[in-house]
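Below: the structure, in structure tokens.
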Amino acid sequence: MIGRVDPFIGTEVTNLPPQTGLAATWWWPKPQIGNTHPGATYPLGMVSACAYSGAYPTGYGRYDLSLEGIPPLLHERHLASGFAHFQQSGTGAIRKYYNYFRVTPMIEPLDVLGRTWELTDEQAEPGWYSGTLDSGITAELTVGPKSAVHRYTFPAHSKARVVIDFSHGGLSIPYGATIPVRAHLECLEPGVASGEIVVEGAPLSVYIECDNPQWRQMLWYDRRLMPGGTRLDFDHIRPTTLRPFGLMWAGPSEEGQTIELRIGFSLRGVDQAKRNLEADCGTGPAQFTPRRERTQKVWRKKLKGITVRTPSAARQTVFSTALYHALIKPCLAPSESPFWPTDGPFVFDISTMWDIYRTQLPLITALMPERAVELANAMITISEEEGNFPIGYRMARGSDRFSRQASALAHTFLSDLCQLGLPGIDWDWALVHMSDDLRRTYGEEFLVHGEAHPISHTLDLAFGYWCTAKVAGHVGDKALVEQFVALAERWVNAYDPVTGLLKDSTYYEGTRHNYSFRLVQDMAARIALSGGAERFIAQLDEFFGYGAEPVKQLVRGSGPEEVIAGYRLGRFEGLNNEPDMEAPWSYHYVGRPDRTAEIVHNIVHQQFGTGRGGLPGNDDSGGLSSWFVWASLGLFPVAGQNIFLVNAPSFEKSTFSVGKHSFTIRTRGFIEPTPGGPVQYVQAMEFNGEPLGRTWLSGNEFHAGGELVVELGPEPSSWGTTDFPPSTPSSLSPSRASRSTGETP
């Protein structure tokens, strides 16, 4: 698997074959680029390292800021002004661009620091990145959980140097810079230095070792050297008075000479940064190769968690890379919280729950249940310390600024973990915070009026109460279960009983159609609200473009009129955006898994590909790639409900390491699929040797391991047409529930 990963997938504008058939009717509103980067990463690690061009949004690449369509170019070619740390993965406009401690290898004077060089001969694999500047210097980067190691190979030159800019951060787009408010740096001994910058309220410390103490080690300020200086302190930095500052090693280089730079990072001071470096890299010189090998070993183990059988090298690459992208974020940084003194789990770059709760968090839970528990405990601590569960959480003080996107999404994650019975979480304490969180922000409006706007928050909060009732039941609080189940039934208040769609409201990156086909806890009542199964199927068919003409996608320079016209279609956004991720699976609840198979087939085989333009939209911290992993296996997790919907897989055989167990999917009658080719439909299934007529497995069944055998054929069958996934019955009818307001006692 690791040998098939291509970290460059998603780094350029979408470049896929023209969409055909059903896929040609889907409209893409978000930027048509993956927004990934090819830099060195560690699974769920704290640190990444990559070439830096200043481009949006990761700091790598060629593109300017864009909120829809094809992004405009910032650079005609791939350029780099150095190599920076901490990059987002696949996100869009989150206003947190990191790229701290830019390292620039140079043979030019310090005066030109900040210029760019053409970047060629780029190579990357999980945990390693390499590129050559047109100055003739080759850079290699690798990382550990809390460290980065750089290795630069120089041409012969009398004045070679490696420069670290402590003052630089963010992107080279308007309002994209991130400037430290305080900083200090110090030369400790030849080849050793340390420092700290405080950026957006987060103190980020480094301990740095250079393996060539013969080179001169100097501090610099405003691109001028400070001979003999050993320390720089800045108690208060303003953007208007900022002058660059940092550290440099310089000396003559021979042809092919290498310089290694080792950097330990911490959010808890220089001493801990030093300990982190020693834990990651040991002591002494020449640590690049062993660190790279250890990181590669960890990646190899994680990527072996799912294996697929296919004769297609291209399909293997797409799948392996999707799994790789799914395991980069969030950043787990144990005992690194800069905001509270206690040790224990700490997490940042939850960017954001809106992107990852449906697909990526269930994938992490399946592959690495111990990491899922660690992440859950980190969220509980955030709620304890800051007063709410995060929708998004970054390496910054006051970092949860995403409340417009959604509400109560941590509750779905916690509900799944609780129903699975995973150890290591204090559920009484979790319940306290889950309950309190539901009454904040939009929660007050929900309690008083029975609904909250944007109306999608009504669905979030109602489902949040349903998920919290699961935890209350686990701890034996029957009164709370009764109260929360009643509040959970208010999901119906979000819908217009005349249209069967959501009410008029504002919608985040979508329309009422994109949010109307969510998988609520009582899908039977939801379908009845639309007027029954036939009407619900008709609504879904219209949404997915059955019988519709191909649409015109946004292009570079598209204006507001084209964007508005696209949204007026009320059409499926493909996998270009998050709100639609679960919609194809709604057909399971009306006995039409054949429709799900058709839609998923078109997404998997037409909207993902090889090459830098192989993603249809922002990967969003691995949320998009995680969807691909699940769907191509013929599975979909219903977040919070502890069930997995099943359908036709796109691989002949796959094996999934679920914690300590193994879940295998085998097929009969399988034909290797092709883009635009025929769809394969489920004819029958067997689970652990017994016939499976239902279209779902419980989370406990899946996590216990076993074997699913799927018989496929060229036409729809009767499989899945009568035994639907579970719905939690409502005690309130839609008409009564729609009038339900006021807080339940």
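Just the heavy atoms: all of them, side chains too, but no hydrogens, waters or symmetry mates, feed the values below.
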Side-chain donor-acceptor contacts of residues 363-375 below 3.5 Å, not counting sequence neighbours, with atom names and distances?
unit_1	atom_1	unit_2	atom_2	d
T365	OG1	L361	O	2.8
R371	NE	E374	OE1	2.7
R371	NH2	E374	OE1	2.9

**Report entry** Flag side-chain contact, heavy atom, 4.5 Å: F536 against L529
**Finding:** no
Query - CA sep, side-chain torsions, deciding dist, call: Y42, W299, ring pair (Phe, Tyr, Trp, His ring centres under 6.0 Å) - result: CA-CA 7 Å; Y42 188 93; W299 269 119; 7.6 Å; no
Requested in this report: Walk me through it: do Y465 and E489 pass the test side-chain hydrogen bond (donor to acceptor under 3.5 Å, both in side chains)?
Outcome: CA-CA 9 Å; Y465 277 107; E489 292 171 347; over 6 Å; no
**Report entry** Residue pair G92 / N618: nearest heavy atoms and the distance that separates them
**Finding:** CA-OD1, 3.8 Å
Query raised in the report: How about R592 and T596: does a side-chain donor come under 3.5 Å of a side-chain acceptor?
Result: no
Query - Within-4.5 Å side-chain heavy-atom neighbours: Y589 and L645 - result: yes
Query raised in the report: What class does the angle between the rings of F517 and F543 fall in, given that below 30° is parallel, 30 to 60° is tilted and above 60° is perpendicular?
Result: tilted
Report task. Might you work through the salt bridge (Lys or Arg N to Asp or Glu O under 4.0 Å) test for K30 and D620, ending with a clear yes or no? Result -> CA-CA 11 Å; K30 287 184 69 177; D620 284 320; 3.1 Å; yes
Report task. Would you kindly say whether Q419 and S415 are connected by a side-chain donor-acceptor distance under 3.5 Å? Result -> yes
Report task. Provide the closest heavy-atom pair for Y393 versus P390 in the form atom of the first, atom of the second, distance. Result -> CB-CB, 3.9 Å
**Report entry** For G609 against L16, the heavy-atom pair lying closest together
**Finding:** N-CD2, 3.6 Å
Query raised in the report: So, T458 side chain and A494 main chain: donor-acceptor pair closer than 3.5 Å or not?
Result: no
Query raised in the report: Is a donor on one side and an acceptor on the other found under 3.5 Å between the side chain of D580 and the backbone of E573?
Result: yes
Report task. Take the angle between the ring planes of Y587 and F544 and call it parallel below 30°, perpendicular above 60°, tilted in between. Result -> tilted
**Report entry** Qualifying residue, where the test is ring-ring contact (aromatic ring centres under 6.0 Å, His included) with F644 and the options are W630, W585, F636
**Finding:** W630
**Report entry** Within-4.5 Å side-chain heavy-atom neighbours: T11 and P38
**Finding:** yes
Report task. Using the six-membered ring wherever Trp is involved, compare the ring planes of H601 and H605 and label them parallel, tilted or perpendicular (cut-offs 30° and 60°). Result -> tilted
Report task. Determine yes or no for a side-chain-to-main-chain donor-acceptor pair under 3.5 angstrom, with Q405 supplying the side chain and I391 the backbone. Result -> no
Query raised in the report: Going by atom types alone, do N642 and D416 pair a side-chain donor with an acceptor below 3.5 Å?
Result: no
Report task. Take T321 and R4, measure what side chain to side chain contact (heavy atoms under 4.5 Å, CB included) needs, and give me the verdict at the end. Result -> CA-CA 7 Å; T321 306; R4 291 295 185 186; over 6 Å; no
Query - Candidate pair F687 and E701, rule side chain to side chain contact (heavy atoms under 4.5 Å, CB included), full reasoning - result: CA-CA 10 Å; F687 180 56; E701 287 175 319; 4.1 Å; yes
Query raised in the report: Is the closest side-chain heavy-atom distance between Q606 and P616 below 4.5 Å?
Result: no
Query raised in the report: Going through the checks in order, is the side chain to side chain contact (heavy atoms under 4.5 Å, CB included) test met by W466 and V485?
Result: CA-CA 6 Å; W466 188 88; V485 164; 5.7 Å; no
Query raised in the report: On the ring face of F724, is R694 found with NZ or CZ under 6.0 Å from the centre and within 45° of the axis?
Result: no
Query raised in the report: Does the side chain to side chain contact (heavy atoms under 4.5 Å, CB included) test come out yes or no for L417 and W427, once each step is laid out?
Result: CA-CA 10 Å; L417 299 184; W427 288 112; 4.0 Å; yes
Query raised in the report: Is it true that a side-chain atom of Q683 and a backbone atom of Y681 form a donor plus acceptor pair closer than 3.5 Å?
Result: yes
Report task. May I have the step-by-step check of salt bridge (Lys or Arg N to Asp or Glu O under 4.0 Å) for R518 and D460, ending in yes or no? Result -> CA-CA 10 Å; R518 287 177 57 166; D460 292 337; 2.8 Å; yes
Query raised in the report: Between R595 and D541, is the closest basic N to carboxylate O distance under 4.0 Å?
Result: yes
Query - E542 CD: over 12 foreign heavy atoms closer than 6.0 Å - result: no
Requested in this report: Identify the two heavy atoms, one from G570 and one from T511, that lie closest to each other, and give their separation to 0.1 Å.
Outcome: CA-OG1, 4.1 Å
Report summary line: Between C331 and G45, the two heavy atoms sitting closest are SG-O, 3.2 Å
Query raised in the report: Given side chains that start at C-beta, do those of P649 and V710 come closer than 4.5 Å, heavy atoms only?
Result: yes
Query raised in the report: Any side-chain heavy atom of H411 sitting closer than 4.5 Å to one from F389?
Result: yes
Please tabulate, one pair per line, all N/O donor-acceptor pairs under 3.5 Å involving side-chain atoms of residues 655-671, not counting sequence neighbours.
unit_1	atom_1	unit_2	atom_2	d
R666	NE	E707	OE2	2.7
T667	OG1	E652	O	2.7

Query raised in the report: Taking all non-hydrogen atoms of both residues, which atom of V520 and which atom of Y495 are closest, and how far apart?
Result: CG1-OH, 4.4 Å
Query raised in the report: Taking the side chain as C-beta and beyond, is there a heavy-atom pair between I350 and M379 under 4.5 Å?
Result: yes
Requested in this report: Please check if the side chain of T695 supplies one atom and the backbone of V646 the other of a donor-acceptor pair under 3.5 Å.
Outcome: no
Query raised in the report: Less than 4.5 Å apart, any side-chain heavy atom of F572 and any of L575?
Result: yes
Query raised in the report: Looking only at side chains, do T25 and Y546 share a donor and an acceptor under 3.5 Å apart?
Result: no
Report task. Would you mind telling me which of E672, K653, Q316 makes a side chain to side chain donor-acceptor pair (under 3.5 Å) with T310? Result -> E672
Requested in this report: Let me see the working for S727 and Q521 under side-chain hydrogen bond (donor to acceptor under 3.5 Å, both in side chains), right down to the final yes or no.
Outcome: CA-CA 6 Å; S727 289; Q521 67 268 23; over 6 Å; no
